[in-house]
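Note sheet for the following structure.
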2 protein chains.
Amino acid sequence: MAARSTLSKEPNAAGRPVSMADLARELGVSMTTISRALSDHHSIGPATKQAVRQLAKKLNYQPNHLAAALRKGKSTLIGVIVPYIEGRFFASVVHGIETAARKAGYSVIICQSGEDVANERRNLETLLSAQVAGILISVSINTTDFKHFEKVRRHGVPLVFFDRLPEGDNVNAVVLNDREGACQATRHLLEQGCRRVAHFAGAQHLNIYKNRRQGYLDALQSYGIAPDESLIKNCSMTLESGTACMAELLALPNPPDAVFSAGDTAILGALQLLKNRGIRVPQDVALAGFSNEALTLVAEPNLTSVDQRTEEMGQAAFRLFSDLLTAEGAAFSQRQVVLQPQLFVRASSLRHGSVPA
Amino acid sequence: MAARSTLSKEPNAAGRPVSMADLARELGVSMTTISRALSDHHSIGPATKQAVRQLAKKLNYQPNHLAAALRKGKSTLIGVIVPYIEGRFFASVVHGIETAARKAGYSVIICQSGEDVANERRNLETLLSAQVAGILISVSINTTDFKHFEKVRRHGVPLVFFDRLPEGDNVNAVVLNDREGACQATRHLLEQGCRRVAHFAGAQHLNIYKNRRQGYLDALQSYGIAPDESLIKNCSMTLESGTACMAELLALPNPPDAVFSAGDTAILGALQLLKNRGIRVPQDVALAGFSNEALTLVAEPNLTSVDQRTEEMGQAAFRLFSDLLTAEGAAFSQRQVVLQPQLFVRASSLRHGSVPA
DNA sequence: TTGTATGCGTTATCAA
DNA sequence: TTGATAACGCATACAA
């Protein structure tokens, strides 16, 4: 057995992954030199750097992030908790987060709460155990107690909420201006000549639905129209729920001439019912939804909807995390990023003029 | 300052996370005992176990997965690489993977290749650096060179492909029986009395599209119908592409009376064109797609489609990984799990009888 | 500019 | 049944 190295230990005899120690032995330098060369430290000569890098490539050296993270006390992992990953909204936000994170050298661990606060708590523990550098979360629908977020603060891990957040504004968050979006959509319906505009309202303990309802009321007020409680339906935002709400509205002595729904799926349910009953959309009843889901372009007529800037939301959430990292006392800061919604006007609400391309 | 402990070092004076050493000091036992008590080792007395657990809870001890993983050489992280996370298919598979993984105590790191093999390579490096216990991947559309997967094998990290896989069957994979699904869909169209069934074919270097095309041909053959190349269109599976392909088919001297598309979005494009031209669906042209996307239930008429068992695919992929972990020589095994597709018949293809509920 | 030595928090080996 | 000690791979304080 011819020893290539003059040192006592064989350089990585087994199939074990090659470490910095292996590189050091092979080159006859110290681990410090290797470490610094690879991280482009200024105190290493260009020649040495070159040599180290070449050998690293040749031996197929892969840095062990785990070890680095353990040593530094922080990993390059960030945790993301969403109610569920299916459906356009969260998938798209996660896409935005992941893209931004990867550019900055972070990887994303994804967790689903399944709309259950118990899972949400477990997810948080998992992420903290994984020593993530930060946590980005959209809370589950039944999260009304927020004690579990305190623990994250105590660990000093930056916490960013997006879209859905706990009550009270003392958190870091990226949200859409839901109120403004809802107001725009409702005003648009009013501009089309509608005067009895109904609203499908979502669960009011969630900030997003509360704000959409408020935006709806804002628009009415700006037109001097008193809100009619019989035109505001509590809706679970499913297709069936939308159909049921529409049926109730049609049964009123004085039915609406437009509906603004806090979600797209529900407004699709309404559309289907109207078509079944031979009621014309938008001539008899104009429709507008919220989220700009893919289905808005499949339904006939195409559905007017408020876009939630999902990609931007993801990117902004990561950026906020990133800012918190470098900021002082970040664990107790409370920055809010508010994105501006965009109304897409389509045939379901357009009584005059042509449909925009 | 009253010292609670008789040992020299203060137990976790600073706000630093509490470690096993802290627990050991506090209880006056060794770290070994703590470690074993927490992992429920048989050699620890029930009383000691109880005491350790209580203290751990009281002091809010969080295990450091990083350290454990470093020591054990394997983490409880698994990496998943998909072309993109948006869209029902991959989001749903990821959902299945994440759910199965979490039950087994694993967390999921998600990476997107953006349909680019260069990113795919980078993703693999990242995951290997993170010391993941396994990698689950659906290759990007331009992956034709498979050398980068060799490295994963050399690291001894189990590798599972799902849906899209490299050419050659020498890999671990979970796939849908695309050929069977396509055959079922086409046979269904033939059973409805259609005799000139066209096909929108996807990129033929991908196993999934090649197999769907083959299934289409199988069905024709079983009916003794010779394939007509003019009825097979290369399609990129976008809406526009579907519209364009349909237009070309209608321009034929002898146009088709049915279309089976390897994707749902393209068949929607076809549907829209047919409706614009006043051609009846399914009476004049019957339509069937593949993937059972949400849009199949929004389009009018509802679209017949082949369901890909996305959740099961995710679960099966994780299970396969899990099996490989315990198996011998897993790095070089090549197990294949094949899921059976399910055809959902809807109005777009149903010429006789009523639409199923 | 480079090297030495130590510790991050855990698990495993050995001895008691 | 328990304890002392040595790794895992990397980054840094300090010394040269």
Side-chain angles (χ1 to χ4, degrees), chain A residues 7 9 11-12 14-52 56 59-76 128-133 155-156, chain B residues 7 9 11-12 14-52 56 59-77 128-131 133 155-156:
Chain A
L7 295 171
K9 291 190 188 174
N12 199 357
R16 174 173 52 80
V18 29
S19 73
M20 284 190 177
D22 296 320
L23 299 183
R25 258 194 299 277
E26 195 74 8
L27 272 186
V29 298
S30 77
M31 271 183 57
T32 312
T33 304
I34 303 291
S35 174
R36 286 175 170 164
L38 290 176
S39 56
D40 210 25
H41 195 276
H42 63 270
S43 73
I44 300 291
T48 322
K49 258 180 203 169
Q50 184 67 8
V52 170
L59 296 193
N60 219 315
Y61 165 75
Q62 290 290 129
N64 185 328
H65 283 176
L66 248 46
L70 177 60
R71 175 61 230 253
K72 291 198 287 196
K74 272 290 174 272
S75 71
T76 54
L128 290 177
S129 291
Q131 311 298 114
V132 293
H155 279 249
Chain B
L7 296 172
K9 290 188 188 175
N12 199 357
R16 173 173 53 78
V18 29
S19 73
M20 284 190 177
D22 296 320
L23 299 183
R25 257 194 300 278
E26 195 74 8
L27 272 187
V29 298
S30 77
M31 275 179 52
T32 312
T33 304
I34 303 290
S35 173
R36 286 176 170 165
L38 290 176
S39 55
D40 208 25
H41 195 276
H42 62 271
S43 74
I44 299 290
T48 322
K49 255 179 206 172
Q50 184 66 9
V52 170
L59 295 193
N60 219 316
Y61 166 74
Q62 291 288 128
N64 185 328
H65 284 175
L66 248 46
L70 176 60
R71 177 59 232 244
K72 293 198 286 197
K74 273 290 173 271
S75 71
T76 54
L77 262 36
L128 290 177
S129 292
Q131 312 296 118
H155 279 248

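Order of the sequence lines fixes the chain letters, A, B, ..., with proteins taken first and strands second; residue numbering starts at 1 for each chain.
- Between A:Ser39 and A:His41, the side chains place no donor N or O within less than 3.5 Å of an acceptor N or O (distance only, hydrogens not considered).
- Residue A:Leu70 has its side chain nearest to C:dG9 when only C:dT4, C:dT1, C:dG9 are considered.
- In the set C:dC14, C:dG3, D:dA7, C:dC14 carries the atom at the smallest distance from any side-chain atom of B:Arg36.
- The shortest distance between the side-chain N/O atoms of A:Ser19 and the OP1/OP2 oxygens of D:dG9 is not below 4.0 Å.
- Comparing D:dG9, D:dC10, D:dA4 against the side chain of A:Ala68 picks out D:dC10 as the nearest.
- Side-chain N or O atoms of A:Ser75 include one that pairs as donor or acceptor with a backbone N or O of A:Gln131 at under 3.5 Å.
- Heavy atoms of B:Thr48 sit under 4.0 angstrom from primed sugar atoms or phosphate atoms, though from no base atom.
- Comparing the end axes of the helix from C:dT1-D:dA16 to C:dA16-D:dT1, each fitted to five base pairs by superposing C1' atoms of four pairs onto the next four, gives an inter-axis angle of 40° (nearest 10 degrees).
- Put simply, NE2 on B:His155 is 13 Å from P on D:dG9, counting in whole angstrom units.
- We find that CD1 of B:Ile34 is positioned 14 Å from C1' of D:dT1, with the value rounded to whole Å.
- Here the closest non-hydrogen pair linking B:Leu23 and B:Tyr61 is CD1-CG, 4.0 Å.
- The nearest whole Å value for the distance from the CZ atom in A:Arg71 to the P atom in D:dA11 is 9 Å.
- Here A:Leu66 lies out of heavy-atom contact (under 4.0 Å) with every strand.
- Residue A:Ser35 places at least one side-chain N or O under 4.0 Å from the OP1 or OP2 atom of D:dA11.
- Distance CE (B:Met20) to P (D:dA6): 20 Å, rounded to an integer number of Å.
- Remark: C1' of C:dT1 and CE of A:Met31 are 18 Å apart, rounded to the nearest angstrom.
- Between B:Gln62 and B:Pro17, every side-chain heavy-atom pair lies at or beyond the 4.5 Å cut-off.
- Defined by atom type and a distance below 3.5 Å, a donor-acceptor pair is missing between the side-chain atoms of B:Thr32 and B:Ser35.
- Here the options are A:Val52, A:Thr48, A:Asp22, A:Ile44, the test is side-chain contact (heavy atoms from CB on, under 4.5 Å), and the partner is A:Ile34; only A:Val52 passes.
- For A:Thr32 against C:dT4, a side-chain N or O and a base N or O form a donor-acceptor pair under 3.5 Å.
- Nearest-nucleotide assignment on DNA chain D puts the 5′-proximal partner with B:Ser30, out of A:Tyr61 and B:Ser30.
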>> Please evaluate residues A:Leu70 and B:Asn64 with respect to the criterion side chain to side chain contact (heavy atoms under 4.5 Å, CB included), reporting the C-alpha separation (whole Å), side-chain torsions for both, the decisive distance (0.1 Å), and the verdict.
In response: CA-CA 9 Å; A:Leu70 177 60; B:Asn64 185 328; 4.0 Å; yes
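- Using a 4.0 Å heavy-atom criterion, one finds that A:Gly45 contacts the sugar-phosphate atoms exclusively.
- In this structure, the CG atom of A:Leu128 is 15 Å from the P atom of C:dG9, given to the nearest Å.
- In this structure, NE2 of B:His65 is placed 22 Å from P of D:dC8, rounded to the nearest angstrom.
- Side-chain N or O atoms of A:Ser129 include one that pairs as donor or acceptor with a backbone N or O of B:Pro63 at under 3.5 Å.
- Nucleotide C:dT1 holds its C1' atom 15 Å from the CG atom of A:Asp40, rounded to whole Å.
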